[in-house]
Amino acid sequence: MAKTRAVDPYKAGEQLCDALTRADMVLPGLAVDTASPRLRLIHLGTVRADVAVMHARVIRGGGDCDGQCRAAAPA
């Protein structure tokens, strides 16, 4: 079994947040899970179904979400 490379969860969370911001998207619950520091987990939180669909659209297409993401996902 291949070993996974240790990644700082705070840096990973910042990178994800930056990428989401550039795509004009918001994950209001994005945070490092401090209850399990050895696992280096990042909590992505919950979002409304319409926001999840917008995130899926961007991930699948690699593009933006037609300017609708910020309006659909208030901070």
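By convention here, the first residue in the shown sequence is residue 1. Note that this is a predicted model, so its numbers are computed, not measured.
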Heavy atoms, side chains only, cut-off 4.5 Å: are [X] and [Y] in contact?
| X | Y | answer |
| --- | --- | --- |
| Leu20 | His55 | yes |
| Met25 | Val58 | yes |
| Pro28 | Val47 | yes |

Practice task
Output the distance between atom CD (Glu14) and atom CG (Asp8), rounded to the nearest 0.5 Å.
Solution key: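 If I round to the nearest 0.5 Å, the distance is 8.0 Å.
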
Practice task
Any chance you could measure Leu16, atom CG, to Asp18, atom CG, to the nearest 0.5 Å?
Solution key: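 Those atoms lie 9.0 Å apart.
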
How close do [X] and [Y] get, counting heavy atoms only, and between which atoms?
| X | Y | answer |
| --- | --- | --- |
| Ala12 | Val7 | CB-CG1, 4.0 Å |
| Ile42 | Gly13 | CD1-N, 3.6 Å |
| Leu30 | Cys17 | CD2-CB, 3.7 Å |

Problem - Ser36-Asp33 side chain donor-acceptor pair, cut-off 3.5 Å - result: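 Short answer, yes.
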
